[in-house]
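Since the structure is predicted, the reported quantities are computational estimates derived from the model, not experimental observations. In listed order, ligands and their atoms are each counted from 1.
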Amino acid sequence: MHHFKFRRNNLFCENVKIKDLAEKYNTPLYIYSAKTILDHFSKIETAFSAIKPLICYSAKANSNLAILKLLVDRGAGLDIVSGGELYRAKKIKCSPGKVVYASVGKTEQEIAEAINYGIKMFNVESVDELKRINEIAGALRKKVSAAIRINPDIDPKTHKYITTAKLETKFGIDIITARDIFLNRKVYPHLNIAGIHLHIGSQITQSAPFIRAITKIKHFIKGLERKKVNLKYLNIGGGLGIVYDKEKPQTVKDFASRVLPLLKEIGLKVILEPGRFIVGNAGILVAKVIYIKDTPVKKFIIVDAGMNDLIRPSLYDAYHKIIPLEKPSAISHQLSAIKMVDVVGPICETADFLGKSRRINVKQGDCLAVLGAGAYGFSMSSNYNSRPRAAEVLVKNNKSYLIRKRETYRDLVKREEIC
Ligand code: LLP
């Protein structure tokens with residue numbers, strides 16, 4: 001369920017006409033619906049209400065402060081992966097007791113800052129890291145909680161770049177090493193190694209891989225219990241897939257009904273780290289048509305947003321629906337009569353496209369909406385080709401808030417020095 005809908009012939013976000021936002025804030029422009037974000041959060045909360053998990057929104061999906069604040073005020077915690085995301089968590093005053101921190105490469109400084117903030121726990125991804133956190137905790141005279149991120153070596157059946165649970169990926173710790181760590185917890189006197197973390201990948205559309213991974217972990221946990229090693233937390237990560245095109249992802253209700261029996265049997269306090277599920281379909285990227293270029297072999301719609309604004313199509317071959325902000329009139333709506341087009345950006349790269357072989361009928365100056373751009377859209381954007389990053393707007397009912405100003409050319413060079 002999302003709140004981007006046509007009213008008569010115009011696309012709206014909640015009760016705001018998107019064309020008006022494009023005129024007011026200019027393009028390229030990210031627009032998010034607060035109601036959609038909160039609805040998605042509630043869906044997860046409701047589906048899992050039987051076990052009352054801690055839901056740590058995965059900040060990397062969309063880390064704008066206004067969005068983090070919206071979710072944290074609603075009761076979410078945060079899943080962070082860097083000192084930068086920790087800084088954001090602090091900025092919006094997220095309760096430290098609701099922050100979990102993963103990443104294979106936490107630096108000493110990042111670890112110390114997180115300990116000083118008093119985060120709930122580190123999700124630890126290597127023995128080296130465990131040793132380092134133990135040392136830093138000792139030096140700071142703190143007892144620090146940690147979960148071991150286990151790499152369960154299963155295939156989540158998603159794009160290879162967002163698969164994280166196969167042993168050949170850099171993530172997590174293999175099960176044998178993990179067992180060793182738990183059996184020798186005393187080696188880390190400054191740590192309270194009290195949990196297991198799993199995150200098997202992203203945009204996973206079926207429950208089966210989750211079930212397989214959690215079942216593996218269940219046996220692992222039972223084995224530890226027999227050795228008198230008792231744990232407190234099981235963090236099953238994020239990864240729930242959403243609809244971009246014709247996917248039929250499991251609903252969160254289906255997902256919950258399948259994993260809940262397992263989680264109840266395991267009996268630990270559960271943590272979830274959803275990212276895409278919450279914000280993915282709560283955001284769009286609006287771009288304006290600059291030129292239309294009809295070549296002998298192909299027609300290109302050249303727009304003012306490129307791979308620096310939304311890299312998912314270029315990087316993962318991801319599909320995003322692209323629609324005009326105004327519904328075409330009935331006569332021009334005979335889609336089959338419309339020539340296939342590639343929607344491309346202005347960047348000097350062949351990989352700079354937002355969509356290929358689409359049937360879209362627009363003219364110069366019209367705006368297009370790239371759907372499903374709320375997750376890993378702005379957060380992965382860059383300044384490539386010296387392009388100022390887009391503005392971001394959050395819609396709440398009939399009001400819009402500029403939650404990130406468009407960057408300026410000055411912003412582009414302000415850290416640089418000519419010598
Ligand atoms: N927890 C951990 C430890 C993660 O690494 C991630 C995402 C999540 C939670 C949230 O996963 P989600 O619920 O959003 O699937 N840029 C890629 C996705 C990368 C996901 C990275 N990790 C994309 O645009 O598809």
Regarding D309 and R389, does a basic nitrogen lie under 4.0 Å from an acidic carboxylate oxygen?
no

Around atom 10 (C) of ligand 1, find the nearest protein heavy atom and jot down its residue, atom name and distance.
S58 OG, 3.4 Å

Classify the ring geometry between Y30 and F378 as parallel (under 30°), tilted (30 to 60°) or perpendicular (over 60°).
perpendicular

Looking at I150, L167, D153, which hits side-chain contact (heavy atoms from CB on, under 4.5 Å) with D174?
L167

Taking the six-membered ring of F353 as reference, does the cationic atom of K356 (NZ for Lys, CZ for Arg) lie under 6.0 Å from its centre and within 45° of its axis?
yes

Region of H199 that comes within reach of ligand 1 [heavy atoms, distance under 4.0 Å]:
side chain

When you measure from atom 16 (N) of ligand 1 to every protein heavy atom, which one gives the shortest distance, and what is it?
Y316 OH, 2.6 Å

State the atoms of ligand 1, each with its element, that fall below the 4.0 Å cut-off from a heavy-atom position in P274.
13 (O)

Could you tell me the residue and atom name of the protein heavy atom closest to atom 21 (C) of ligand 1, and the distance to it rounded to 0.1 Å?
K60 CD, 3.8 Å

Numbering the atoms of ligand 1 from 1, which are under 4.0 Å from a heavy atom of G238?
9 (C), 13 (O)

Nearest-neighbour protein heavy atom for atom 15 (O) of ligand 1, which is reported as residue plus atom name and distance
S202 OG, 2.4 Å

Side chain, backbone, both or neither: the part of R312 lying under 4.0 Å from ligand 1 by heavy atom:
side chain

Show me which atoms of ligand 1 lie under 4.0 Å from any heavy atom of R149.
3 (C)

Atoms of ligand 1 less than 4.0 Å from D79 heavy atoms?
1 (N), 2 (C), 9 (C)

Can you tell which of H159, Q203, R276 gets a heavy atom nearest to atom 25 (O) of ligand 1?
R276

Side-chain donor-acceptor pair under 3.5 Å between S257 and D254, yes or no?
no

Under the rule for salt bridge (charged side-chain N to carboxylate O under 4.0 Å, His left out), what residues qualify as partners of E225, not counting sequence neighbours?
K222

Identity and separation of the nearest protein heavy atom to atom 20 (C) of ligand 1:
Y376 OH, 3.6 Å

Any nitrogen or oxygen of G239, main chain or side chain, under 3.5 Å from a nitrogen or oxygen of ligand 1?
yes

With sequence neighbours left out, write down each residue that passes salt bridge (charged side-chain N to carboxylate O under 4.0 Å, His left out) with E125, or none if nothing qualifies.
R149

Which residue supplies the protein heavy atom nearest to atom 3 (C) of ligand 1, what is that atom called, and how far is it?
E273 OE1, 3.5 Å

Could you check whether K60 makes a cation-pi contact with Y376, meaning its NZ or CZ is under 6.0 Å from the centre of the six-membered ring and within 45° of the ring axis?
no

For the pair S400 (side chain) and V395 (backbone), establish whether a donor and an acceptor sit closer than 3.5 Å, ignoring hydrogens and angles.
no

Specify the protein heavy atom at minimum distance from atom 18 (C) of ligand 1: its residue, its atom name, and the distance to 0.1 Å.
I162 CG2, 3.4 Å

Which of the atoms of ligand 1 are close to M380, meaning less than 4.0 Å from one of its heavy atoms?
16 (N)

The answer for which part of L315 has a heavy atom under 4.0 Å from ligand 1 is neither

Is the positively charged end of K269 above the ring of Y233, judged by distance under 6.0 angstrom from the centroid and angle within 45° of the axis?
no

When every non-hydrogen atom of P96 is compared with those of G118, the smallest separation belongs to CB-O, 3.4 Å

Compute the shortest N/O to N/O distance between H197 and ligand 1 and return yes if it is under 3.5 Å, no if not.
no

Under 4.0 Å from a heavy atom of G275: give me the atoms of ligand 1 that qualify, with their elements.
12 (P), 13 (O), 14 (O)

Is the shortest side-chain heavy-atom distance between K98 and L78 below 4.5 Å?
no

